[in-house]
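Below is one structure, written out as structure tokens; comments come after it.
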Protein chains: 2
Amino acid sequence: MKPTIKDIAKKIGVSVATVSRVINNRSGYSPETEKKVLKAINKLGYYPNALARGLVGKKIKTIGVLMPSVSSMVASKILSGIEDAAHNKNYSVIICNTDNSGKRTINYLRVLREKQIDGIIVVSEILTDEYINVIKKMEVQVVLVSTIDKGNNFTYIKVDDIKAAYQTTEYLINKGHKNIAMISGTKNDVVAGIPRVKGYLKALEDYGLSKKKENLVYGDFSFDSGKICMAKLLKQSPKISAVFAASDEMAIGALSAAYRHRINVPEQLSVIGYDNTTLAQMTTPPLTVLSQPFYQMGYEGLSMLISKIKGESVENKILPHIIIERQTVKDINR
Amino acid sequence: MKPTIKDIAKKIGVSVATVSRVINNRSGYSPETEKKVLKAINKLGYYPNALARGLVGKKIKTIGVLMPSVSSMVASKILSGIEDAAHNKNYSVIICNTDNSGKRTINYLRVLREKQIDGIIVVSEILTDEYINVIKKMEVQVVLVSTIDKGNNFTYIKVDDIKAAYQTTEYLINKGHKNIAMISGTKNDVVAGIPRVKGYLKALEDYGLSKKKENLVYGDFSFDSGKICMAKLLKQSPKISAVFAASDEMAIGALSAAYRHRINVPEQLSVIGYDNTTLAQMTTPPLTVLSQPFYQMGYEGLSMLISKIKGESVENKILPHIIIERQTVKDINR
DNA sequence: ATGAAAGCGCTAACAG
DNA sequence: CTGTTAGCGCTTTCAT
């Protein structure tokens, strides 16, 4: 059987309290007893039982991460950052793939609660009132990564999407483009949909470019929707010289559709993506993108959560974004 | 404070044992008490403490998953399958990104042990003797997904790589190719390197094709290495008509290099990938691949682990693979 | 510096 | 049907 603190106490004739002290580096024992205890621990192959520790009131050092899909490129990058940070701080992370299912989310929340986790990170989820209520009742610390809730009840870390989309559009404008289309993500998505369209529209306006209705189409962030949207665009608005896609996948879909229609990128049409997932550098030609710092978002998000767990007060954080120039945007000024 | 079983017992004047009984659907209480208990539970917002339950000896219903990188396309697909299955069986999964670091792996193993997890899944890791020894000492159930250990000590689920590589090569041969190159993965990788080369070579042999040394180059599964290897191949073995890459990423790297060298795929050169990650369908032209059932591997791997936890005996499992024809391989017979 | 004992929340005999 | 009680492994006063 697994040796317990009792076993090692008995073996060397001290009390369990003493053993506990040395295990936890508390003060109150002589160097000799320490040596004896350590030796016995080693010999018996003892290791503490985290459940028992957790029961007594100490933290279990585990957090839960809720995300719509663990296998999406974006989510897995963020997860990777979370995981790295957690490892550095000696926390474990339980993943919860909500699959955008309300029932599943609520169920996960219940399980996490039962397992006494110390905090939760919500990644890229659209937070419904139902979730918010359940989470509030849980009395755990929460950090939102790459998302936000209406009431700003929860601490978040993300990129400023309006600004990022604005600058992406501005970048195209600076390259001489005047007839710029946008392939937006899901129409009513308050996090990654609406704000990006807003930024796009604002830039057009500020630069005195006309906002044509036929230049704005809506996909759902996926590759296939990018393909479809591009085809649509080519048909209803053939004069565009550049298209801004609200995700890398849609941008790649656009590339694919352009190829099929024998339109050369970037010679005849410029394309810019959004996210900078691993995919972006693998396309031919490599995709110019607005890059979001996903890994960092995860890493810092976890750090913020730990701070909150420790009782420190934590501010919301907006991370900087940059444009990574590759080969899908043509400067038509020259 | 969080209500406990005691609180609800006190509130309605029954013993904690009774409350425990109804919570666990044991027999031994009247319908009326049940109703009262349920009502109190609801009113007080009670939920069980999994740590306490785990302490008493019951399972904690949590497993650990070790993988070299959570953000790789392959790993995240497998993880997705594991997670889905775990959710269906009411288990939680703790992810451990080993980053191919021995120290990190050992550390994770220690933490998992302390947290009393019920089992672990090792994904795509090369198992060193050190890991094997540590895991054996832990006395937990183990399943290997998409990997294998030398001694076959552990239950595994994977694809037959030799056979798959053989058939991939055979597929190319059947399409009329005679001068077939291979971009292998890491040279000494016993799981995804050596076996695939073996299958490739065997097919050439069986079909009486010459095994030219300059037709076989070694990358490391990455996109960049695929690019480099393709360039090398084009230089040292310009007469090849097809190349088999041991990963999608390398295949896409090959596509990219071909494009840069103005070689038309598949007109002048056929390329076939291995894995069928999401990437494969997004390239232009879409990549023909040997498809591994990653999601299923994860899903069934988890199921096997649960069976083992329950004490059932479980057989190793070889999953079927298929070739998915897209547009990067030309039939040069006609 | 060390030990005894209470108790974290729960389950599982054992007794009624 | 229901209650009492003894732990699970550990931490934490409170004594000594």
Side-chain angles (χ1 to χ4, degrees), chain A residues 1-38 40-41 44-62 110-118 138-139, chain B residues 1-38 40-41 44-62 110-118 138-139:
Chain A
M1 267 320 288
K2 297 174 180 175
T4 72
I5 203 179
K6 225 189 221 156
D7 297 320
I8 101 108
K10 201 183 310 174
K11 179 174 171 76
I12 57 178
V14 297
S15 74
V16 294
T18 299
V19 177
S20 175
R21 284 185 189 105
V22 355
I23 289 174
N24 295 287
N25 290 310
R26 298 252 174 298
S27 56
Y29 46 85
S30 68
E32 304 121 67
T33 32
E34 174 175 15
K35 212 182 296 174
K36 278 197 299 182
V37 171
L38 258 21
I41 283 178
L44 268 49
Y46 166 85
Y47 58 93
N49 181 324
L51 301 189
R53 281 181 158 176
L55 225 209
V56 185
K58 281 192 96 146
K59 301 292 162 212
I60 187 71
K61 290 221 166 205
T62 302
R110 184 181 53 68
V111 172
L112 290 176
R113 199 154 87 169
E114 294 188 359
K115 292 197 174 148
Q116 313 295 120
I117 48 104
D118 307 316
M138 285 175 66
E139 302 177 20
Chain B
M1 269 320 289
K2 294 175 183 175
T4 73
I5 203 178
K6 225 189 219 158
D7 296 321
I8 102 109
K10 202 184 309 174
K11 179 172 171 78
I12 57 175
V14 297
S15 73
V16 294
T18 299
V19 177
S20 176
R21 283 185 191 106
V22 355
I23 288 173
N24 294 288
N25 289 310
R26 299 251 175 298
S27 57
Y29 47 83
S30 68
E32 302 122 69
T33 31
E34 174 176 17
K35 212 182 296 175
K36 277 197 300 182
V37 171
L38 258 21
I41 284 179
L44 268 47
Y46 165 86
Y47 59 93
N49 181 323
L51 302 188
R53 281 181 159 174
L55 226 208
V56 185
K58 281 191 96 148
K59 302 293 163 210
I60 187 67
K61 290 221 166 202
T62 302
R110 184 181 53 68
V111 172
L112 291 177
R113 198 154 87 170
E114 294 188 357
K115 293 200 172 145
Q116 314 294 122
I117 48 105
D118 307 315
M138 285 176 66
E139 304 177 21

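Quick note on labels: first sequence line is chain A, next is B, and so on, each numbered from 1. All values below come from the heavy atoms of this structure, side chains included, with hydrogens, waters and symmetry mates left out.
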Identify, residue by residue, the members of residues 25-38 of chain A with a heavy atom below 4.0 Å from DNA chain D, and return them in order of residue number, or none.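 Of all residues in residues 25-38 of chain A, the ones placing a heavy atom under 4.0 Å from DNA chain D are A:Arg26.
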
Rounding to 10°, can you tell me the angle the first-five-pair axis of the helix from C:dA1-D:dT16 to C:dG16-D:dC1 makes with its last-five-pair axis?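 Between the axes fitted at each end of the helix from C:dA1-D:dT16 to C:dG16-D:dC1 lies an angle of 40°.
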
Working to the nearest 0.5 angstrom, can you tell me the gap between B:Asp7 CG and B:Ile41 CD1?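 B:Asp7 atom CG to B:Ile41 atom CD1 measures 12.0 Å (nearest 0.5 Å).
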
Check whether any side-chain nitrogen or oxygen of [X] sits under 4.0 Å from OP1 or OP2 of [N], and answer yes or no.
X: B:Ser15; N: D:dG3; value: yes
X: A:Lys2; N: D:dG9; value: no
X: B:Asn24; N: C:dT11; value: yes

Which part of the nucleic acid, if any, lies within reach of A:Thr18 when heavy atoms closer than 4.0 Å are counted: base, sugar-phosphate only, or nothing?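 Sugar-phosphate only.
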
Min side-chain heavy-atom separation B:Asn24-B:Arg53 under 4.5 Å: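 With C-beta onward as the side chain, the pair touches.
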
Check for me whether B:Arg21 meets the cation-pi criterion with B:Tyr29, that is, NZ or CZ under 6.0 Å from the six-membered ring centre and within 45 degrees of the ring axis.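 Not satisfied by the 6.0 Å and 45° rule.
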
I need the CD1-P distance between B:Ile60 and D:dG9, as an integer number of Å.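 Going from B:Ile60 (CD1) to D:dG9 (P), I get 14 Å.
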
Just the rounded figure in Å: distance from C1' of D:dG3 to CZ of B:Arg21.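 Nearest whole value for this atom pair: 8 Å.
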
Can you figure out which of C:dT11, C:dA5, D:dC10 approaches the side chain of A:Val16 most closely?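 It is C:dA5.
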
Select one nucleotide: of C:dA4, D:dC10, C:dC10, the one nearest the side-chain heavy atoms of A:Pro48.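 Selected nucleotide: D:dC10.
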
